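Structure record follows, encoded as structure tokens.
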2 protein chains.
Amino acid sequence: MSNQSIKLSVDAVVFGYEEGNISVLLIKRKYEPFKGEWAIPGGFVFNEESLEEAVERELHEETGIKINYLEQLYTFGKPSRDPRGRVVSVAYFGLVRPNAYKIVASTDAEQVQWFNINELPKLAFDHKVILKAAIERLQGKITYEPIGFELLDKKFPFSDLEKLYTTLLGRDIDRRNFRKKIVGLNVLDELDEKVSKGSGRPANLFQFNPKRYFQLKEEGIIFEI
Amino acid sequence: MSNQSIKLSVDAVVFGYEEGNISVLLIKRKYEPFKGEWAIPGGFVFNEESLEEAVERELHEETGIKINYLEQLYTFGKPSRDPRGRVVSVAYFGLVRPNAYKIVASTDAEQVQWFNINELPKLAFDHKVILKAAIERLQGKITYEPIGFELLDKKFPFSDLEKLYTTLLGRDIDRRNFRKKIVGLNVLDELDEKVSKGSGRPANLFQFNPKRYFQLKEEGIIFEI
DNA sequence: CTCATTATGTGTAGTTTGTACACAAAAGTA
DNA sequence: TACTTTTGTGTACAAACTACACATAATGAG
């Protein structure tokens with residue numbers, strides 16, 4: 001099989017969340033194919049780097065971002081997916097706090113921008129399919145793994161968490177029951193700090209406690225919303 | 001990136017189930033590297049075939065089996081995982097009814113054999129890691145997708161289903177509650193046939209109804225055990 | 001043929017979890 | 001100071017889960 005001529009690339013769907021909006025990080029391609037079109041950041045894997053290293057490198061090169069949470073999503077291998085020839089792409093799925101980093105376009109990217117997932121532009125390659133898979137994964141996973149916290153500030157008022165879940169799940173949540181449930185999971189620390197945004201009673205701040213979460217997980221107690 | 005020299009392969013972890021035993025299909029390698037050692041079936045992807053086609057081809061070539069259920073598991077890309085050089089492997093996860101096919105070794109395989117997942121031999125490459133991931137996926141997935149039926153005969157007594165779940169989940173199940181729950185999901189058809197194996201009251205046969213399952217799924221009713 | 005053995009089939013009560021729902025407290029603003 | 005806005009909290013009812021025992025239909029041994 002020395003005559004195999006398949007190229008391997010990685011792509012990263014990076015989600016951010018801010019004030020009730022879920023957004024994805026996209027780049028405008030500087031070169032052919034699909035020059036000038038929007039695409040998920042990514043690129044070819046170097047011979048000696050791992051797939052994760054490749055994703056982080058490409059992301060940093062093209063967008064300036066450093067990722068918070070990263071997991072493999074799916075590998076897309078349809079022979080026709082890239083006009084240049086056979087390219088198989090391992091797609092990853094990432095989460096960041098958008099305000100924690102400044103996005104800067106460089107190398108293959110002419111521009112970088114956050115897009116609300118409900119207002120997406122036309123995408124290059126099969127990136128629409130990849131993005132769809134990523135959104136489904138995010139929506140599915142948020143109910144049984146505490147990944148939502150990766151999208152919020154370290155310290156957050158309960159209402160932020162609630163708004164994140166209503167946005168992601170696309171349905172209303174009963175505030176009291178939601179809080180009861182999350183508090184019952186016992187993975188949040190209630191801080192002695194309050195935050196006030198505009199009018200209304202100031203909210204207490206909370207913080208996710210990963211240590212406690214992993215302890216509980218080992219004891220077989222599962223996170224589920 | 002024309003100087004990328006990464007090879008792409010696929011591997012398939014195929015599970016079977018018979019009489020309280022979950023087993024995996026392994027081959028004994030005919031050639032170097034790892035000649036004579038047991039491994040998951042798989043091989044290099046051809047330039048023009050999709051990943052799924054590659055898996056099915058390799059499986060058929062090496063073991064004679066045709067798969068019942070196939071899904072992508074994970075892509076393993078550690079630079080050091082293959083002594084021949086950089087090989088990235090897309091691992092798949094398959095289910096079959098073992099008695100439905102005759103396994104026959106050929107091409108790269110000197111031998112094919114079902115191994116109980118609790119009595120595994122030493123494995124070539126990083127196949128131990130792959131297998132572990134596959135087992136976890138199987139155990140996880142069986143509680144929220146009706147994939148268990150792919151491991152049973154088309155028509156099966158309830159006790160078979162129950163035994164499958166106790167085996168996979170590694171814990172006892174209350175027979176009455178389990179039956180109540182599954183029947184309540186409304187995805188099984190009760191047939192007018194009975195089967196008797198040795199002594200004991202003959203059991204009614206059941207059959208999974210995929211059509212009904214997909215209907216219910218679209219209505220938002222979820223399968224969960 | 002009868003009795004012991006084996007596996008299937010079935011209901012109910014108690015507990016736990018989920019759901020629906022409204023008002024007081026603490027801040028800002030006019 | 002009173003009006004608006006957002007946070008914080010408890011209870012009653014419904015649904016789901018759990019534990020649990022005995023009758024039924026077959027086989028096999030004596």
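Here the structure is a predicted model, which means the values were calculated and not measured. Each chain gets a letter, A, B and so on, in the order its sequence line appears, and its residues count up from 1.
Judged purely by atom type and a 3.5 angstrom limit, A:Tyr92 has no side-chain atom pairing as donor or acceptor with the backbone of A:Tyr74. Within the 3.5 Å criterion, the main-chain N or O of A:Ile40 finds a donor-acceptor partner in the side chain of A:His127. A:Arg29 contributes no side-chain N or O that, together with a main-chain N or O of A:Ala39, makes up a donor-acceptor pair within less than 3.5 Å.
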For nucleotides 25-30 of chain D, list the nitrogen or oxygen atoms of the protein found under 3.5 Å from its nitrogen or oxygen atoms, one pair per line.
unit_1	atom_1	unit_2	atom_2	d
D:dA25	N3	B:Arg201	N	3.3

Atom pairs under 3.5 Å: protein N/O with N/O of nucleotides 15-18 of chain D:
unit_1	atom_1	unit_2	atom_2	d
D:dC17	OP1	B:Lys181	NZ	3.4
D:dT18	O4	B:Lys180	NZ	3.3

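No side-chain donor-acceptor contact under 3.5 Å links A:Gln215 and A:Tyr213. For the residue pair B:Ser23/B:Asn116, the side-chain donor-acceptor check at 3.5 Å is not satisfied.
Between the CD atom of A:Glu193 and the P atom of D:dT7 there is a distance of 17 Å, rounded to whole Å. Between the C1' atom of D:dA21 and the CZ atom of B:Arg176 lies a distance of 6 Å, rounded to the nearest Å. Summarising the geometry, the separation between CG on A:Asp174 and P on D:dG8 is reported as 15 Å, rounded to the nearest angstrom.
Of all non-hydrogen atoms in B:Arg81 and B:Ile130, the two that sit nearest each other are NH2-CD1, 4.1 Å. Pairing each heavy atom of A:Ala12 with each of A:Val55, the nearest pair is CB-CG1, 3.7 Å. The minimum heavy-atom distance linking B:Thr107 with B:Glu62 is given by the pair OG1-CG, 3.6 Å.
Taking the side chain as every heavy atom from C-beta outward, A:Leu168 and A:Leu138 approach each other to under 4.5 Å.
Taking the six-membered ring wherever Trp is involved, the centroid distance between the rings of B:Phe125 and B:Phe76 does not fall below 6.0 Å. Not less than 6.0 angstrom separates the ring centroid of A:Tyr144 from the ring centroid of A:Phe223.
A heavy atom lying under 4.0 Å from DNA chain D marks none of the residues of residues 216-225 of chain B.
Scanning DNA chain C 5' to 3' for nucleotides with an atom closer than 4.0 angstrom to a non-hydrogen atom of chain B gives a first and last hit of C:dT6 to C:dT12.
Remark: A:Arg179 is positioned above the aromatic ring of A:Phe158, its terminal NZ or CZ atom under 6.0 angstrom from the ring centre and at most 45 degrees off the axis.
When each of B:Glu53, B:Glu61, B:His60 is paired with B:Arg57, the side chain to side chain donor-acceptor pair (under 3.5 Å) condition holds for B:Glu61 and for no other.
Remark on the helix from C:dC1-D:dG30 to C:dA30-D:dT1: inter-end axis angle 0°, axes from five-pair C1' superpositions, rounded to 10°.
The shortest distance between the side-chain N/O atoms of A:Arg179 and the OP1/OP2 oxygens of D:dT9 is below 4.0 Å.
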*Apply salt bridge (charged side-chain N to carboxylate O under 4.0 Å, His left out) to the pair A:Asp160 and A:Lys197, showing each step before the final yes or no.*
CA-CA 12 Å; A:Asp160 273 17; A:Lys197 30 182 177 184; 3.0 Å; yes
Show the atom names and distances, to 0.1 Å, of all donor-acceptor pairs under 3.5 Å that link a side chain in residues 146-156 of chain B to residues at least two apart or in another chain.
unit_1	atom_1	unit_2	atom_2	d
B:Lys155	NZ	B:Glu193	OE2	2.7

